Structure formats: C-alpha cells, structure tokens
Amino acid sequence: MKNLGTLFGYEMKKLWKRPMTWVVLIVFSAGFVHYSAIPFYNYGHTYTYTQADGTVISREFTPEEQDRFMIEAPRLLSGQPIDEEFFAKAEENIPARLENFDFSNSEDMEKVHEIEEQRDGYFFLVDPTYYGAYRMLGGQNRYLHRLEWFKADVEANNNGYLTEEEIAYWTELEEQVQHPYIYEPTDAPSRLLDVLGVMGMFLPILVALCVCDLFSQEQRARTYPQIFSSRQGRSCLYLAKILAGSATSVLAAAIGIGAVIAASLIRYGPWGWGAAIQLCQYVSTCSFPITARQGILLLTALLLVYALLCGAVISLVSMWSGSGVASLAVGAALVGGQLLVLQQLWILEMMVSAVPLLQDMLAYLPIALVNASVLTGKKLAHFFGLTLNYIQAGILVYLAVTVLLAALCWLGWRRQAVRGE
C-alpha cells in the first residue's frame, strides 16, 4: 500500500490528460453558465406616467435597461424588516392596485391594462423603491404570520399524507425560523437553485465522458497480464483506480458547479445570499431555518454525492463490459431516462400512489432528490433507529449504493485477476 499515492497520481494523470475530459468540462460549464442568467424576457418598452398635476412623462427603455431595472430596483429595500410597517408603506407607495375587477369583462380588462401601464410607469419613471415589495404583496400572510400559516396549511392539506411525527418535526423547525424576515432581493439565488437542479439531470453524461475509460483502457491495451503478475499490487492498483475515478467524478461536478456559482456572483453580486431561504422563489415553503446560501450549499452537497454515485455506476460498467462506449451509453441512458421520467412524472406518481414502498423509492430517484424541491419536502425516513429528512437520508442512501457498486466492481477486478487477460 506504500505505492498507493504514486498509483493514484498516475491514474489521475491518465484521466485528466485526455483532451475529451477538458473539452466536455468546458462545454458543460459554458452551457450552464449561459443558462444561469435570470430570464427576464424583456424586449424594450416605452413607459408613460400621468402625474398628479396632469403632466405626462414618457421614456423608452431598451431591453438591457429593463433587465437592469428589474435587478437593481428591489435592492433599494434591502435590509428592511418585513413587518406590518413594511407592507403598510408598500400599500401607500404602490399606485393603482388592481381590485374588484371582472377579468372576463372586456371594459374592465381595458381598465386593468391602463392601471398596469400607470403602475409600471410609476416604478420605472418616478420611484422604483417599492418595486420589490409590490411583488411580495400577494403572499404577505406567509411572511407576517408564517408559523400560523404553516400549521393551517398542514391541517388543511394533510389528509394522512404526514404523520404526527413528521408534523411535529417540521413544526419545530418552523419555530426556529427567525422573524421578522429581513428583505433582500433573491432573484439570483432562486435562479441558481433552479439551475443546479437542472444540472443534476445531466451529471451522468458529464461523469461518463470523464471516467468511461477508467477500467476499459486496461482491457483495450491488454495490460491485465502485466498488472496481475504481482499479487501484492492488485488491491493497491484497484484502490488507486477507484479513488481516481471517484475524485475525478466529484472534481468534474465541482468545476461545473463552481463555474455557475462564480458566474452568478460576478453577474449579480452576493445580493440575496444571506436572505432567509423562504424568500426564494422556488422554495418559499421550505421549513429549514437556513439562508439561501446554506440552501445552495446543501444542494451542492447532494450534487457532489450524486456525481460520486454516477462515477461508481460508470466504473462498474467500464469494469464488467471492458468498453468505454458501453459506459458512455449507460451515462446517456441515465440522462435520457431522467428526462423521460420528468415528462411522465405525474403518471408515474399515480401508478405508485397505492404502494407506499414504491412511493418511498420514487423519492430517492435523482430527478426528485437532486433538485431544489428536496428543500420543501416534508416526509421523513428512518434508518437504524435514526429519523432523517430526505436530504440526510438521500446522502446516506447514495453513499451506501456507491460502496455497494464499488464492491461489485472489485468482484469484476478479481475476475480479471483470475482470468489474467
């Protein structure tokens, strides 16, 4: 085992000297960096506003100016507590609220359109301060009376879905969430949580392209007889290979994730990272007493553990098939399978709804677990007398499966040692 470090370094060099490793990393990272931009879909617009004295002001905004406004305007309220006074001031400073209109009536719809134009013109041309607060008015009960809202929601929608233990567990966590919330614009971290979830679907092909030749290259080069001529080196070399494959899988995923996070910070800055995660768009029902930053770190941890699992799957196929092409095919199949499951998820959920065991298994699929939605799940799992939420349980299950796959890969290595081919 004294040569383990040398062998590990050699195996890492073999994997990282391949041009395909760097090409796929650059393409993968660049694609998700491009996708990580906040999609405002602005096309340019001329805003008008009629002031109290009847004066009409008007200005044309380019798409870039509109995007910049939607990013920068909410920052003006950053740091203010979201309390009764916060929403009272918002009500006073947001003109022309939409109320008591029949949206099926054409005349009312014309009035609605006029009010929306006047309101948008006020924000863009007069005072953008409460633009961020305006977007929160519809859910103010969740911010002002979060715990009461949570309990009422559980009672209204439980219908046996949650056990008393689960209700007590999440209620205790809800009680730890600090109030009042402190306002911060969370568009950037919200988008980042979404992008990281999408990235998880494509991790298998990234890992496959990086480690597909981990074992198959030895069979292709017919070097097994030389490798197994020394019985003392068999275990050491296997350990070096499996560690190199694992490290490469995790490192490749980390580089892609790091590129996306760095791009977000460069483009938008750290705005919203310290906000309570409940202020983020896709996870407003999250019960963890954490910040957006901690939520991003939790999802990153899940992605890295999933990358480790993908590396184990690809290594196993590479070992037993002796083919890098087969390993790539498995990686592509895992991506295609996840996309197919995503399209047919509601049908799959209906099919397994009557079988609790299948429901539990469905929750551990990467499409459900390696996703921002895992932060909002309310089910619990039990392992060895421990009560775990699905983030903790998912990491435990993925690591256990990774160890099992590594053991199966070892059996394939022993098989090659016996055959000596």
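Since the structure is predicted, the reported quantities are computational estimates derived from the model, not experimental observations. Index from 1, following the sequence.
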Practice task
Kindly compute the distance separating CD1 (I26) from CD1 (I255), expressed to the nearest 0.5 Å.
Solution key: 10.0 Å
Problem - Main-chain N/O of T186 paired to S190 side chain as donor or acceptor, under 3.5 Å - result: yes
Problem - Geometric cation-pi criterion, R191 with Y35: 6.0 Å, 45° - result: yes
Fill in the blank from the handout: On a heavy-atom basis, the closest approach of P189 and W273 is CG-N, 4.3 Å
Fill in the blank from the handout: Heavy-atom closest pair (Y43 atom, P63 atom, distance to 0.1 Å) is C-CG, 3.5 Å
Exercise for the section: Would you check if the side chain of S264 reaches a backbone N or O of V260 as a donor-acceptor pair within less than 3.5 Å? Expected result: no
Problem - Salt-bridge contact E64-R68 (side-chain N to carboxylate O under 4.0 Å) - result: no
Practice task
May I ask you to check whether T21 and R18 show a side-chain donor-acceptor distance below 3.5 Å?
Solution key: yes
Problem - Carboxylate-amine/guanidinium proximity below 4.0 Å for K14 and E11 - result: yes
Problem - Residues, nucleotides or ligands: over 12 heavy atoms within 6.0 Å of K378 NZ - result: yes
Exercise for the section: Walk me through it: do F32 and H34 pass the test ring-ring contact (aromatic ring centres under 6.0 Å, His included)? Expected result: CA-CA 5 Å; F32 277 99; H34 176 74; over 10 Å; no
Problem - E175 atom CD: more than 12 heavy-atom contacts under 6.0 Å - result: yes
Handout entry: Donor-acceptor under 3.5 Å (E184 side chain, W271 main chain)
Key = no
Exercise for the section: Applying side-chain contact (heavy atoms from CB on, under 4.5 Å), name anything that partners E172, two or more places apart in sequence or on another chain. Expected result: Q176
Exercise for the section: Is it possible for you to check whether K241 lies under 6.0 Å from the centre of the six-membered ring of F215, through NZ or CZ, and within 45° of that ring's axis? Expected result: yes
Problem - Derivation of the ring-ring contact (aromatic ring centres under 6.0 Å, His included) call for F69 and F124 - result: CA-CA 8 Å; F69 172 88; F124 274 83; 3.8 Å; yes
Problem - Salt-bridge present (R146, E174; N to O < 4.0 Å) - result: yes
Exercise for the section: Would you kindly say whether R119 and Y134 are connected by a side-chain donor-acceptor distance under 3.5 Å? Expected result: yes
